[in-house]
Every structure is written in structure tokens, then in C-alpha cells.
Number of protein chains: 2
Amino acid sequence: MALDQTQTTYGIAELAREFGITTRAIRFYEDKGLLSPARDGQRRIYASRDHVRLRLIMRGKRLGFSLDEIREMIDLYDLDPTEVSQLKMFIDKLQARREQLRRQQDDIIETLAELDQLEDQSRGLLADREARRKAVG
Amino acid sequence: MALDQTQTTYGIAELAREFGITTRAIRFYEDKGLLSPARDGQRRIYASRDHVRLRLIMRGKRLGFSLDEIREMIDLYDLDPTEVSQLKMFIDKLQARREQLRRQQDDIIETLAELDQLEDQSRGLLADREARRKAVG
DNA sequence: GCTAACGTTTACGTTAACGTAAAGCGAGCC
DNA sequence: GGCTCGCTTTACGTTAACGTAAACGTTAGC
């Protein structure tokens, strides 16, 4: 009875396909300290932990964060809380990120509202055109 | 009784101060077709229209859009709807943006939830530390 | 034993979004 | 008239985030 750990591992190409990016990008993220896969000889072997991290990376990118910012956020996830002072700093960072995200939320809401307005206008114009085409044609 | 148009105009340094960016950036946005100020001789003169555009630009940047994307969005605002086919394309573009923004919203909600969880954990740890400090001290 | 398929390192190239420095112009002031 | 202030153009430099190419190793299949 060996250890039945959910032993999911991934090759680099596999991950690349799944996330729709290149292997080059994945290695680049490793260079930047965002990933640290195990090795089998030279080959990189990614565990589910890396898989999770990649998901976080992609999400961060969709939100427009830089890789440095993304690393900061990811590092927040697996931090061992030894020093109290670090814990406080940690909470402060969380707070800052939260505010940034809230601002983004507000920006999105504003933008969506404006897009709605634009769409209403153009749908009106379109309907108008159609009506005239009928009347004339 | 001259025309009492709200004749607000701005110099480039003025705008730079207000938006917290450099004049270099503002000129750069002009190069990229995001702004097109009037001129007094050589000097650039910005009207309230440009002011609005700059606000849109900054909002776009906070959301992580590229200047090209931002220009696309801004151009949506002052488009004259002559061709019906263009109108339809226009609406399609609106739709695409909207979906992108919605995905961002979802990403933000997820992230905020995770940050909340992290903060709860670390506040717990912090309280624990404080308690022990009291008990021992 | 050759050739794909997949992986590796090393290194130079590219694009976006400005920064920075140089050199010059026009208005106001002392 | 000289100086400073604010603005201008021109142009080269920089950073981030990869792309792309070269040259090589290793497992699988025929």
C-alpha cells in the first residue's frame, strides 16, 4: 500500500496547452520567481501547487497586474507567519491590494454603465435605419 | 453678450499636475492618437474634451488596458454612425469589451474573497500571539 | 540507427510606454 | 540685454514581458 497522494504532475508543454500560453512564458515566470518546479534530471516537473500558481498568475494578468505585483500577491498565500511585525506588514499589504481592487471595481462599473448607454444609442439608430429602409424599400 | 461657452482650457503642465503624470506622457498619448489638442503657435491647448479623454485614459490604465485598447474604447465614444454595417461592428465591439470587463469583475470578486480569508487567518494568528504575550509577560 | 517529439540552455530581438537629455523658442521681468 | 520659465522638437535610453533562433540532450517508434 504505497502512498496514494493525488500525485498529479504536469509537463511544461501540458501546462502551456492548458493555459494557452507558450513554454517560453512558463520558463520566464520561473526566472522571475513565480514558479519553482521540481526536476527530473533536467526536465521540469510541475505539481498541483504550480498549477494553482499558474492559475493565479493568469488571473493577475487579466487584471492588468505586473509580474512583480503578481509575485507579491502569490507570496502572500504561502507565507509562514513567524514575526508579528511581518504579520502586521502582511495585513497592510492585503489592505492595499484590496483598495486597488475596489477602485478597479468602481472603474468597471462606471465603464459598463457608459457602454450600456452607448449601446442603447446605437441600437436606437440601428432600429431607425431599419424602419426607414422598410418605409422606402 | 459674447458667447459664454464654458471656455475652460488647460496647459500641458496643468493637466500633468492634475492627473499626476508627466508632460512627456501626455505628448506620448498624443503621438499615439489618444489626444489631439488645439495649438496656439507651437503650444498645445487642451479643451474640456481633452480633459475628459485624459480621464478615460487614466481609468483604462487602472484597468490594465493597453493604450491601443484604450484608444479603441475612446474612439467608440465619438463615432459618427453613418454606415449600418459599421454600427453593427460597433455593437459587437461593445459586447466584447463588456465580456472582458465582466471577467475582470469575476476575477476581482474571487481575489477579494481570498484576501478576506487570508486576513482572517492572519488576524487570528496575531490575536493568538498577543494573548500568549500577555499570559507569559 | 535514424528521425520525430519533447525538452533543455544561451542569447539576441521586439514592442509598449514612457524617461531623460539636448538644444531651441517666446514671454515676462529687472 | 540677459535671465528665467514654460513649452517645444528630436532622439537616444530603459524596463517588462516575452518571441525567436541556435545548438544540444533523451526517450519512443519504425
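We name chains A, B, ... by the order of the sequence lines, and we start the count at 1 in each one.
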- Item | Atom-pair distance (CD on A:Q42; C1' on C:dT10), nearest Å | 12 Å

- Item | Distance in angstrom units between A:L15 CG and C:dC6 P, rounded | 15 Å

- Message: Using a 4.0 Å cut-off on heavy atoms, which residues in residues 22-40 of chain A reach DNA chain D? List them by number, or say none.
- Response: A:T22, A:R24, A:A25, A:F28, A:Y29

- Which word best sums up how the rings of B:F19 and B:H51 line up, parallel for under 30°, tilted for 30 to 60°, or perpendicular for over 60°? tilted

Could you tabulate the donor-acceptor pairs under 3.5 Å formed by side-chain atoms of residues 54-61 of chain A, not counting sequence neighbours?
{"unit_1": "A:R59", "atom_1": "NE", "unit_2": "B:T111", "atom_2": "OG1", "d": "3.2"}
{"unit_1": "A:R59", "atom_1": "NH1", "unit_2": "B:E110", "atom_2": "OE1", "d": "2.9"}
{"unit_1": "A:R59", "atom_1": "NH1", "unit_2": "B:E114", "atom_2": "OE2", "d": "3.0"}
{"unit_1": "A:R59", "atom_1": "NH2", "unit_2": "B:T111", "atom_2": "OG1", "d": "3.3"}
{"unit_1": "A:R59", "atom_1": "NH2", "unit_2": "B:E114", "atom_2": "OE1", "d": "2.9"}

- Task: Determine whether B:L126 and A:I91 make a side-chain contact, defined as any pair of heavy atoms from C-beta on separated by less than 4.5 Å.
- Result: yes

- Item | Ring-face cation contact, B:F65 with B:R97, 6.0 Å cut, 45° max | yes

Show me, pair by pair, the donor-acceptor contacts under 3.5 angstrom made by side chains of residues 35-43 of chain A, not counting sequence neighbours?
{"unit_1": "A:R39", "atom_1": "NH1", "unit_2": "A:Q42", "atom_2": "O", "d": "2.6"}
{"unit_1": "A:R39", "atom_1": "NH2", "unit_2": "A:E30", "atom_2": "OE2", "d": "3.4"}

- Message: Please give me every residue in residues 54-71 of chain A whose heavy atoms get under 4.0 Å of an atom in DNA chain D, ordered by residue number.
- Response: A:K61, A:S66, A:L67

- Query: So which heavy atom on B:I12 is nearest to which on B:R44, and how close?
  - Reply: CD1-CD, 4.3 Å

- Between P of C:dC25 and CZ of B:R43, the distance in whole Å: 14 Å

- Do any pairs count as a salt bridge (Lys or Arg N to Asp or Glu O under 4.0 Å) and have a residue in residues 9-27 of chain A, sequence neighbours left out, and if so which ones? none

- Quick one: do A:R103 and A:D106 make a salt bridge, cutoff under 4.0 Å? no

- Short question: side chain of B:R53, backbone of B:L34 - any donor-acceptor pair under 3.5 Å? yes

- Note on the structure: So the contacted stretch of DNA chain D, first to last nucleotide with an atom under 4.0 Å from a non-hydrogen atom of chain B, runs from D:dG6 to D:dA11

- For the pair B:E69 (side chain) and B:S66 (backbone), establish whether a donor and an acceptor sit closer than 3.5 Å, ignoring hydrogens and angles. yes

